[in-house]
Amino acid sequence: MAYHCTKDLKMPVDFEKVNQKFGAIPDTELKKKMSEVGTLEVVPAGELIMDAGSYIKSMPLILSGKVKVFREDEDGNELFLYYLYAGEACAVSLICSFSQKKSQVRAQALEETEILLLPIDYMDKLMREFPAWYRFVVKTYGERMDEMLETIDNIAFRRMDDRLLDYLEKTADALNSNKIKGTHQEIAYELNTSREVISRLLKQLEKKGMVKLSRNQIELIQE
DNA sequence: ACATTAAGTGATT
DNA sequence: AATCACTTAATGT
């Protein structure tokens, strides 16, 4: 069976872990089933979990770690979408796997990340046998939909300075640190704008005392 | 000290 | 907000 990942470090799934991380799923029987049917994959920090254009053969559920999800357009431009945390699932991949479509997004592990992979062949069965699964899927899909809508009006209606601040806050949150390592160029790439714009906006934020700038590092100041 | 890379800036569209 | 054409500052060798 082909998996969408290059690194195949599969292990039996620890039920206790699934039970603990997915408090959002009340049905213990379902979680037992998930542990039986799924495989565990450990992705090292920085690895791509899913690349645009790859087919998805299973639905990933994050057991631990953090994942950055971003879109990539035809010209190779990146656009940051959202972060995924433990206990969450990527609704995009669910839809992709259902419709047998290639992934339209890329996902990268920010730190070592454990992923529970559920083969899509089981989706039908789980849906029918476990109402809790159905509710979980609908719920995560709804959550992602909200995220997406937020991202859309970020782009369409908000100015870049809002987007930048939003990005900085989310990134700081994902890293558990107020200090964001990286260059202005990298941020510009993620937000699909130019380095000069980011530099200027960061300068403004610094003047407002919201941020402290140094080479390769941006420190967010708490309000 | 020199080269390289990141960041800052003014002008133009 | 994007792009260009620079300058200045920080860092590595």
Side-chain angles (χ1 to χ4, degrees), chain A residues 5-7 43-54 62 65-85 88 90-93 95-96 101-113 141-223:
Chain A
C5 257
T6 45
K7 281 256 155 82
V43 183
E47 286 278 310
L48 274 184
I49 293 166
M50 180 187 307
D51 204 350
S54 60
I62 317 289
K66 285 153 192 172
V67 175
K68 182 162 82 176
V69 179
F70 46 99
R71 178 100 231 271
E72 191 168 83
D73 73 8
E74 321 81 52
D75 309 321
N77 294 314
E78 282 188 7
L79 182 64
F80 166 76
L81 289 177
Y82 51 78
Y83 290 107
L84 280 177
Y85 298 92
E88 297 186 312
C90 180
V92 175
S93 50
I95 303 303
C96 286
K101 276 188 174 168
K102 287 177 184 174
S103 171
Q104 308 260 30
V105 300
R106 303 216 293 168
Q108 185 184 33
L110 285 181
E111 53 189 61
E112 184 171 279
T113 297
Y141 189 61
E143 283 166 4
R144 274 325 123 202
M145 177 67 101
D146 289 345
E147 278 272 5
M148 291 290 196
L149 285 177
E150 196 191 317
T151 307
I152 288 169
D153 54 48
N154 271 351
I155 296 161
F157 308 123
R158 281 219 228 160
R159 294 196 318 272
M160 189 51 89
D161 53 351
D162 282 334
R163 287 181 61 198
L164 175 60
L165 202 53
D166 190 59
Y167 173 83
L168 291 175
E169 281 164 358
K170 282 183 176 166
T171 302
D173 195 42
L175 299 174
N176 286 324
S177 163
N178 289 329
K179 290 174 183 173
I180 297 162
K181 241 222 80 169
T183 65
H184 297 181
Q185 183 61 71
E186 284 161 6
I187 297 170
Y189 200 49
E190 302 251 295
L191 296 179
N192 203 16
T193 181
S194 62
R195 199 263 317 159
E196 292 92 319
V197 170
I198 295 300
S199 290
R200 284 180 171 125
L201 291 173
L202 281 171
K203 234 357 10 172
Q204 285 174 226
L205 289 176
E206 191 179 40
K207 273 182 201 152
K208 289 189 207 161
M210 302 170 82
V211 93
K212 188 173 171 290
L213 266 36
S214 42
R215 183 179 243 239
N216 285 313
Q217 182 179 284
I218 297 159
E219 186 180 349
L220 266 179
I221 310 295
Q222 303 295 12
E223 40 273 29

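Convention: sequence-line order gives letters A, B, ...; per-chain numbering from 1. What you see is a predicted model; the values in this text were computed from it and never measured.
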Verdict with reasoning, Ile221(A) to Met210(A), per side-chain contact (heavy atoms from CB on, under 4.5 Å):
CA-CA 5 Å; Ile221(A) 310 295; Met210(A) 302 170 82; 5.6 Å; no
If you find the nucleotide of DNA chain C closest to Glu196(A) and the one closest to Arg159(A), which residue's nucleotide is nearer the 5' end?
Arg159(A)
In short, ring pair (Phe, Tyr, Trp, His ring centres under 6.0 Å) pairs touching residues 186-215 of chain A with sequence neighbours left out are none
Walk me through whether Leu205(A) and Leu201(A) qualify under side-chain contact (heavy atoms from CB on, under 4.5 Å).
CA-CA 6 Å; Leu205(A) 289 176; Leu201(A) 291 173; 5.6 Å; no
Under 4.0 Å between any heavy atoms, over every strand shown, what does Thr183(A) touch: base, sugar-phosphate, or nothing? Just pick one.
sugar-phosphate
Could you list the residues that satisfy salt bridge (Lys or Arg N to Asp or Glu O under 4.0 Å) with Glu78(A), not counting sequence neighbours?
Arg106(A)
Whether Thr151(A) side chain and Leu149(A) backbone form a donor-acceptor pair below 3.5 Å:
no
Asn192(A) CG - dA2(C) P separation (whole Å)
8 Å
Salt-bridged, Lys170(A) to Glu150(A), with N to O below 4.0 Å?
yes
Pairs touching residues 195-211 of chain A that satisfy side chain to side chain donor-acceptor pair (under 3.5 Å), sequence neighbours left out
His184(A)-Ser199(A), Arg195(A)-Ser199(A), Lys203(A)-Glu206(A)
Those residues that, when tested against Asn77(A), pass side-chain hydrogen bond (donor to acceptor under 3.5 Å, both in side chains) (two or more places apart):
Asp73(A)
Without decimals, in angstroms, what is the distance between Lys181(A) NZ and dT11(C) C1'?
12 Å
On DNA chain B, which is the earliest and which the latest nucleotide, 5' to 3', with an atom closer than 4.0 Å to a heavy atom of chain A?
dT5(B) to dA11(B)
Expected output is a numbered-order residue list: members of residues 199-219 of chain A with a heavy atom under 4.0 Å from any atom of DNA chain C. What is it?
Arg200(A), Arg215(A)
